[in-house]
Protein chains: 2
Amino acid sequence: MVRRSADERREELIEAAIKVMIRDGVAKATTRTIVAEAGLPLGAFHYCFRSKEELLHSVIERITQGALAPAVAAAAAGVPVADIVRDTLRVYWDRIRATPDEHLLTYELTQYALRQPGLAEVARRQYRHYLAVNGESLATMARLAGFEWTVPLPTLARYGLAVLDGLTLNWLIDRDDAAAAAALDEYAAYLVSVARP
Amino acid sequence: MVRRSADERREELIEAAIKVMIRDGVAKATTRTIVAEAGLPLGAFHYCFRSKEELLHSVIERITQGALAPAVAAAAAGVPVADIVRDTLRVYWDRIRATPDEHLLTYELTQYALRQPGLAEVARRQYRHYLAVNGESLATMARLAGFEWTVPLPTLARYGLAVLDGLTLNWLIDRDDAAAAAALDEYAAYLVSVARP
DNA sequence: GTCTATAGGAAGATAGAC
DNA sequence: GTCTATCTTCCTATAGAC
């Protein structure tokens with residue numbers, strides 16, 4: 001066995017845990033399946049993490065970061081609002097379609113976190129983060145293409161997050177591409193209608 | 001111990017399982033905690049249900065029924081569109097706020113079902129049901145108050161379900177009443193904007 | 001630092017007494 | 001039909017050999 005630092009081992013275990021969770025769900029991610037995925041002995045787990053909850057904490061932090069990175073399509077001043085809105089939503093949706101299982105996991109982890117006394121606050125912070133990122137994304141669109149939102153940004157951010165979150169969850173369940181695309185277009189039309197030059 | 005039929009016992013166990021799941025989450029609803037909640041011996045479980053999965057199936061059916069009953073506020077012809085929209089959304093939201101834990105459970109059960117090979121189809125049927133109910137709700141609003149939706153009903157139903165589903169999930173996590181109310185008002189304004197007399 | 005062995009307990013399910 | 005006792009398996013966590 002190659003000798004590695006505890007920090008490197010931690011990384012390996014977090015990656016392995018995420019792989020298992022994506023493949024089989026959070027409930028199946030036991031200490032045994034995680035160390036097996038990482039190719040480590042069972043004993044390795046508890047000198048890298050004090051407990052399983054500590055690992056879960058790390059996993060949630062990791063997943064949250066990548067889940068909703070700021071997504072704004074490139075845009076120059078004067079670009080039609082409809083174009084930048086359409087492109088930005090397409091970037092978002094392409095990412096969902098590229099890694100559906102990873103996004104399904106984020107919903108599962110949120111539920112899991114809400115049920116663990118020590119992790120409930122993490123779930124709340126996760127959604128505060130989503131709200132902030134979505135708000136920044138909307139603000140950036142407006143700034144780049146030179147227009148204003150006629151709806152207060154916090155309200156628009158929450159409303160838009162709900163639309164994207166709801167559409168994503170629904171699509172992850174029924175995988176109806178056509179229906180999702182139509183609804184997403186409707187959201188685009190809504191956004192255009194609340195944009196003022 | 002009172003002597004009861006297996007069917008009555010089944011009902012008691014389903015009710016007990018839902019109670020436990022609302023209180024402590026799906027993961028904590030073991031055969032032991034469920035029979036304890038029902039005040040029955042452990043052995044009672046397996047002569048009422050072939051397996052735990054069979055119970056889960058029954059629980060999901062039960063929860064889904066009540067989760068999104070058709071909600072349309074009373075309306076007469078000629079009532080302003082904005083009024084019926086506002087009242088209908090208020091009926092929906094009051095129900096969420098009255099039983100938040102029960103609604104949180106529906107999300108948890110959906111996740112759980114998606115991970116169980118035998119139950120994944122149940123999750124899809126659940127969302128088909130939500131889509132249908134939401135579509136009927138929108139159609140009823142239009143018929144009662146005498147107007148038309150300018151967006152195709154299937155698209156509007158999916159979009160609207162996403163908004164309500166996303167807002168509900170977000171509120172269940174951060175319980176921010178003011179933010180939820182503002183976003184819900186924004187949805188009401190959107191609906192009014194796509195209604196044509 | 002690394003890993004084997006095992007503790008200690010809880011899970012789903014069943015056999016068989018009453 | 002009802003329930004106790006138990007089987008088997010899996011879990012998290014730790015003790016202690018190397």
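Note on naming: letters A, B, ... go to the chains in the order of the sequence lines (proteins, then strands), and numbering restarts at 1 for each one. All values below were derived from every heavy atom in this structure, side-chain atoms included, with hydrogens, water molecules and symmetry-related copies excluded.
- Applying the ring pair (Phe, Tyr, Trp, His ring centres under 6.0 Å) test to residues at least two apart or on different chains, the pairs with a partner in residues 140-162 of chain B are Phe147(B)-Trp149(B), Tyr159(B)-Tyr190(B).
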Please set out all donor-acceptor pairs under 3.5 angstrom arising from side-chain atoms of residues 43-50 of chain A, sequence neighbours excluded.
from	atom 1	to	atom 2	distance (Å)
Arg50(A)	NE	Glu54(A)	OE1	3.4

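- Looking at residues two or more places apart in sequence or on another chain, you find a side chain to side chain contact (heavy atoms under 4.5 Å, CB included) between Asp94(A) and Arg90(A).
- Between the CD atom of Glu54(B) and the P atom of dG12(C) there is a distance of 15 Å, rounded to whole Å.
- Judged as a side chain to side chain contact (heavy atoms under 4.5 Å, CB included), and not counting sequence neighbours, the contacts of Thr33(B) are Val20(B), Thr30(B).
- The distance from atom CD1 of Ile34(A) to atom C1' of dA13(D) is 14 Å, rounded to the nearest whole Å.
- Residues passing the salt bridge (charged side-chain N to carboxylate O under 4.0 Å, His left out) test with Asp185(B): none are found, sequence neighbours excluded.
- Listed in residue order, the members of residues 14-28 of chain B having a heavy atom less than 4.0 Å from DNA chain D come to none.
- Rounded to an integer number of Å, the gap from CG of Asp7(B) to C1' of dG1(D) is 14 Å.
- With sequence neighbours left out, the side chain to side chain contact (heavy atoms under 4.5 Å, CB included) criterion links Asn170(B) to Tyr127(A), Leu131(A), Arg158(A), Leu161(A), Asp174(B).
- Over its full length, the helix from dG1(C)-dC18(D) to dC18(C)-dG1(D) turns its helical axis through 10°, comparing axes from the five pairs at each end and rounding to 10°.
- Residue-environment remark: NZ (Lys52(B)) exceeds the threshold of 12 foreign heavy atoms within 6.0 Å.
- The interatomic distance linking Leu13(A) (CG) with dC3(C) (P) rounds to 12 Å, in whole Å.
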*Spell out protein contact along nucleotides 13-18 of chain C as letters: B when the base is contacted, S when just the sugar-phosphate is, - when no protein heavy atom is under 4.0 Å; keep the 5' to 3' order.*
BB----

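- Under a 4.0 Å N-O distance rule, the pair Arg62(B)/Glu11(B) qualifies as a salt bridge.
- Taking only side-chain atoms of Thr30(B), from C-beta outward, the nucleotide of dT4(C), dA11(C), dC11(D) with the closest atom is dA11(C).
- When rounded to the nearest whole Å, the span between CD of Glu8(B) and P of dG1(D) equals 13 Å.
- Here ring pair (Phe, Tyr, Trp, His ring centres under 6.0 Å) pairs that include residues 162-188 of chain A, with residues two or more places apart or in two chains, are Trp93(A)-Trp171(A).
- Take Arg115(A) and apply the salt bridge (charged side-chain N to carboxylate O under 4.0 Å, His left out) test, not counting sequence neighbours, and it matches Glu108(B).
- Partners of Asp83(B) by side-chain hydrogen bond (donor to acceptor under 3.5 Å, both in side chains), not counting sequence neighbours, listed by chain and number: Arg86(B).
- We find that OH of Tyr47(B) is positioned 5 Å from P of dT2(D), with the value rounded to whole Å.
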